[in-house]
Amino acid sequence: MTDKKISKEEVKRMAALSNLDVSGQEEKFVLLFSDTLKHLEVLDELDTSKVLETNQVTGLTNVFQDEKNSKTLTSKEALSNAKEPSNGLFATKAVFDR
Amino acid sequence: MKDLNKLNLLEALDGLKTGKFASVDLTRSCLEAIKKHDKKIKAFITVIEDYALKQAEQADREIERKGAVIFEGKPLLGIPYACKDNFSTKGVLTTASSNILSNYIPPYESTVTGRLGEAGAVLLGKTNMDAFAHGSSTENSDFFTTKNPWDTKRVPGGSSGGSAAAVASDMCIFAIGSETAGSIRVPSSWCGVTGFKPSYGRVSRYGVIAMASSTDSPGPITKTVEDAAFVLKIIAGKDVNDATTSNKPVPNYLDKEFSLKGLKIGKPRSFFELEIEEGVRKRVLDSIEILKNLGAEIIDIDLLDPRYSIAVYTIIQRSEVSSNLARYDGIRFGNDRESFGLEARKRIMLGSYSLNATLSGAYQKAQRVRTLVIKDFNDAFKKVDLLVAPILPCVAMKPGGGEDTSMFGELMDVLVEPGAISGLPGITIPCGLSEGLPVGVQLLGEMFDEDMILNVAKKFQDETDFHKSKPQI
């Protein structure tokens with residue numbers, strides 16, 4: 001599982017996937033990640049071929065709720081922390097180039 | 001009256017009910033303690049003095065108008081408390097100790113603080129933590145490190161370090177923390193107070209700034225076991241805003257006669273084989289003797305090696321962190337992603353990595369091993385009623401203790417992670433001092449068996465005076 005050693009390129013790819021800029025610090029992350037990944041190798045010792053995954057521990061299934069219970073913020077409340085509210089909307093950077 | 005801030009919750013309630021003092025006196029006493037000590041301890045990020053006093057005045061008016069009967073509907077009326085800064089409090093700055101949320105004013109209330117507010121509790125302010133709860137010491141706060149009230153050269157533990165330090169130094173009557181793996185019990189132990197981590201799904205996560213959504217559990221940090229039971233009763237229970245909360249009714253904790261006679265308490269061998277400081281080991285073994293003298297049968301049991309749980313926890317937690325922190329873009333609230341500190345970056349990126357195909361099924365493998373860990377506990381609980389163990393391998397550390405390794409938090413939390421990934425409830429209660437610093441012993445129970453843990457902890461507390469030890473500030 002963890003035989004693949006982490007490389008500088010992989011750190012860059014993860015940074016891109018995570019929408020983070022870590023330029024200049026890649027080496028540091030390589031060391032930190034390798035250290036952590038080393039600790040994860042123990043999982044390979046266990047045979048889990050016949051074991052199901054646990055995604056949540058409460059045993060609840062198919063939880064529904066009445067629509068009348070759903071709360072929603074007013075537009076003013078939702079925008080109260082926005083850096084650049086614009087005509088009752090959030091202003092974002094352009095997604096497409098012209 | 002002097003030193004009202006030093007009262008525990010039940011004592012404070014009694015004083016308010018019988019008119020010995022008013023909520024304003026009690027609240028002012030806590031605010032004065034904050035003014036006096038918090039320059040040194042640095043437990044609080046935000047103190048809302050004026051608003052707290054207004055809430056207290058309102059409480060006093062209600063008590064005056066309706067008398068003690070009002071406490072039936074508002075069981076915490078007039079009681080000042082401190083809350084970890086990752087609980088959304090409407091109109092009150094909520095930062096999760098992170099630069100990215102340094103200016104965030106929530107437009108809505110978390111279920112926990114909402115329920116406490118409805119019960120009449122008075123919010124004093126918001127407490128420091130490791131940013132986004134990533135850490136075990138408060139050193140990862142983007143703002144400052146909280147000091148341990150027992151020795152200000154040491155850390156209080158974390159991530160709910162501000163809340164634990166505030167309770168230990170009597171700057172509040174009780175506090176609220178949250179735990180993903182150890183974040184209530186670790187600082188409570190190092191600060192010599194009672195910390196209760198309920199079963200996952202017992203207390204709503206709605207409005208709590210998420211760390212790892214499949215293990216996050218809010219809970220009380222208090223001066224006694226009874227206080228923890230009292231607060232838990234109020235915050236626990238089904239919440240339509242958190243689909244993972246359980247429908248199971250919330251019992252009246254500690255209301256039945258209880259004896260340890262005939263009780264079987266398991267002592268997991270693997271937890272005691274770890275490298276544990278001698279003083280800590282001795283205190284915990286002494287505690288086990290006390291439980292034995294109270295009538296419990298102590299049974300050595302074998303659990304899966306905790307190393308597996310640490311690996312599972314690392315993968316699951318990082319994965320969930322990367323997903324939860326993906327929403328921070330600085331557009332709708334907060335600052336942009338450049339504001340993330342090193343620890344958050346590390347966790348987000350490792351999470352992205354473990355959820356990515358390159359690590360061929362790491363997340364799925366971890367979720368499978370998690371099933372094995374849960375089964376292991378279920379098997380153990382067929383033989384014993386609960387488990388006893390140390391909560392930490394050492395007393396409170398000095399700052400910088402974990403800088404060398406990115407696994408610091410996990411190594412410190414080795415004794416709590418198996419229970420955390422399984423969702424189990426657990427408590428830490430003070431069990432004496434080592435090198436003049438507090439040691440805690442943990443009791444771990446079956447899912448939703450909070451009452452068993454509280455009952456055993458209370459019997460232990462009744463038998464000892466450890467919870468009465470206070471730091472000299």
Side-chain angles (χ1 to χ4, degrees), chain A residues 1-4 6 10-11 13-22 25 28-29 31-33 35-46 48-60 63-66 69-71 73-74 76-84 90-93, chain B residues 103-108 199-201 214-215 240-241 243-247 305 307-308 310-312 314-315 318 322 326 329-334 337-338 340 345-346 348-353 356 358-362 364-372 374 405-407 410 421-423 447:
Chain A
M1 183 177 82
T2 46
D3 51 342
K4 202 168 189 295
I6 200 151
E10 241 157 353
V11 167
R13 207 167 69 83
M14 274 189 279
L17 278 174
S18 308
N19 193 12
L20 292 170
D21 179 11
V22 296
Q25 290 183 299
K28 190 176 175 182
F29 279 100
L31 289 176
L32 286 169
F33 289 166
D35 178 38
T36 302
L37 292 176
K38 214 167 57 209
H39 285 83
L40 306 183
E41 283 165 13
V42 293
L43 293 184
D44 292 336
E45 295 169 11
L46 298 171
T48 53
S49 54
K50 292 188 182 116
V51 182
L52 293 174
E53 294 170 25
T54 296
N55 293 302
Q56 54 90 21
V57 296
T58 52
L60 294 166
V63 177
F64 299 103
Q65 72 168 58
D66 283 339
N69 286 324
S70 26
K71 285 187 234 167
L73 298 176
T74 63
K76 196 178 158 202
E77 282 169 333
L79 287 164
S80 61
N81 282 279
K83 278 244 160 64
E84 272 186 80
F90 296 103
T92 67
K93 280 183 200 158
Chain B
N103 51 7
Y104 175 55
I105 313 275
Y108 74 107
S199 307
Y200 176 82
S214 78
T215 63
V240 291
N241 291 316
T244 61
T245 48
S246 173
N247 288 316
D305 189 327
R307 287 181 309 144
Y308 298 124
I310 293 174
V312 169
T314 303
I315 293 174
R318 302 302 192 271
S322 76
D329 54 13
I331 294 170
R332 292 154 303 149
F333 53 85
R337 292 177 78 77
E338 279 307 294
F340 273 127
R345 282 161 188 261
K346 272 179 351 198
I348 293 169
M349 284 171 58
L350 256 176
S352 303
Y353 188 64
N356 201 266
T358 41
L359 206 56
S360 61
Q364 287 72 17
K365 175 87 186 183
Q367 297 284 44
R368 289 200 176 104
V369 176
R370 186 184 206 177
T371 306
L372 294 178
I374 292 171
T405 160
S406 60
M407 290 289 285
E410 278 66 39
I421 58 170
S422 309
M447 270 310 258

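Chain naming here is simple, since letters A, B, ... match the order of the sequence lines and numbering starts at 1 in each.
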Asker: How far does OG1 of A:T92 sit from CZ of B:R332, to the nearest 0.5 angstrom?
Answerer: 11.0 Å
Asker: Under 4.5 Å heavy-atom distance to chain A, tell me which part of B:I374 shows up: side chain, backbone, both or neither.
Answerer: side chain
Asker: Is A:V51 in contact with chain B via its backbone, its side chain, both, or neither, using a 4.5 Å heavy-atom distance?
Answerer: both
Asker: Need one label for A:L52: side chain, backbone, both or neither, based on atoms under 4.5 Å from any heavy atom in chain B.
Answerer: backbone
Asker: So do A:V57 and B:R370 actually touch side chain to side chain, heavy atoms under 4.5 Å?
Answerer: yes
Asker: Do the non-hydrogen side-chain atoms of B:I315 and A:L43 ever get within less than 4.5 Å of each other?
Answerer: yes
Asker: Which atom names give the shortest non-hydrogen contact between B:K346 and A:F33, and what distance separates them?
Answerer: O-CE2, 3.7 Å
Asker: Can you tell me which portion of B:S199 sits under 4.5 Å from chain A's heavy atoms? Options are side chain, backbone, both or neither.
Answerer: neither
Asker: At a heavy-atom separation under 4.5 Å, does B:A243 approach chain A through its side chain, its backbone, both, or neither?
Answerer: both
Asker: What distance do B:N356 atom CG and A:E10 atom CD have between them, rounded to the nearest 0.5 Å?
Answerer: 8.5 Å
Asker: If you count heavy-atom pairs under 4.5 Å between each of A:V22, A:N19, A:T74, A:L79 and chain B, which one has the most?
Answerer: A:N19
Asker: Are any of the side-chain heavy atoms of B:P107 and A:N81 separated by less than 4.5 Å?
Answerer: yes
Asker: Atom CD1 in B:I331, atom CD in A:E84: separation rounded to 0.5 Å?
Answerer: 9.5 Å
Asker: What's the shortest heavy-atom distance between B:M349 and A:L20, and which atoms?
Answerer: CG-CD1, 4.0 Å
Asker: Looking only at the side chains, is there a donor atom on one of A:Q56 and B:Y200 sitting less than 3.5 Å from an acceptor on the other?
Answerer: no
Asker: Can you tell me how far the CD atom of A:E53 sits from the CZ atom of B:R368, to the nearest 0.5 Å?
Answerer: 5.0 Å
Asker: Got a second to check how far A:K83's NZ is from B:N103's CG, nearest 0.5 Å?
Answerer: 5.5 Å
Asker: Any ion pair linking B:R307 and A:E41 (charged N to carboxylate O, less than 4.0 Å)?
Answerer: no
Asker: Under 4.5 Å from any heavy atom of chain B, what part of A:K93 do you find: side chain, backbone, both or neither?
Answerer: neither
Asker: Can you tell which of A:T54, A:N55, A:T48 makes a side-chain hydrogen bond (donor to acceptor under 3.5 Å, both in side chains) with B:Q367?
Answerer: A:N55
Asker: Side chain from CB out, backbone as N, CA, C, O: work out which of these in B:M447 comes under 4.5 Å of a heavy atom of chain A, or both, or neither.
Answerer: side chain
Asker: Could you tell me which portion of B:T371 (side chain, backbone, both or neither) has an atom closer than 4.5 angstrom to a non-hydrogen atom of chain A?
Answerer: both
Asker: In terms of heavy-atom pairs under 4.5 Å with chain A, which of B:D305, B:D329, B:I348 leads?
Answerer: B:I348
Asker: Begin from the C-alpha positions of B:T244 and A:T58 and carry the test side-chain hydrogen bond (donor to acceptor under 3.5 Å, both in side chains) through to its verdict.
Answerer: CA-CA 7 Å; B:T244 61; A:T58 52; over 6 Å; no
Asker: For a 4.5 angstrom cut-off between non-hydrogen side-chain atoms, does A:F29 reach B:R345?
Answerer: yes
Asker: Quick check for you: to the nearest 0.5 Å, what is the distance between B:F340 atom CZ and A:S18 atom OG?
Answerer: 10.0 Å
Asker: Within the structure provided, determine whether B:Y353 and A:L17 are in side-chain contact (heavy-atom separation under 4.5 Å).
Answerer: no
Asker: Answer yes or no: are there more than 12 heavy-atom neighbours, outside A:K28 itself, under 6.0 Å from its atom NZ?
Answerer: no
Asker: If you count heavy-atom pairs within less than 4.5 Å of chain B, which of A:K76, A:E77, A:E45, A:M14 leads?
Answerer: A:M14
Asker: Give the member of B:S322, B:A366, B:S422, B:A326 that has the highest number of heavy-atom pairs under 4.5 Å with chain A.
Answerer: B:S422
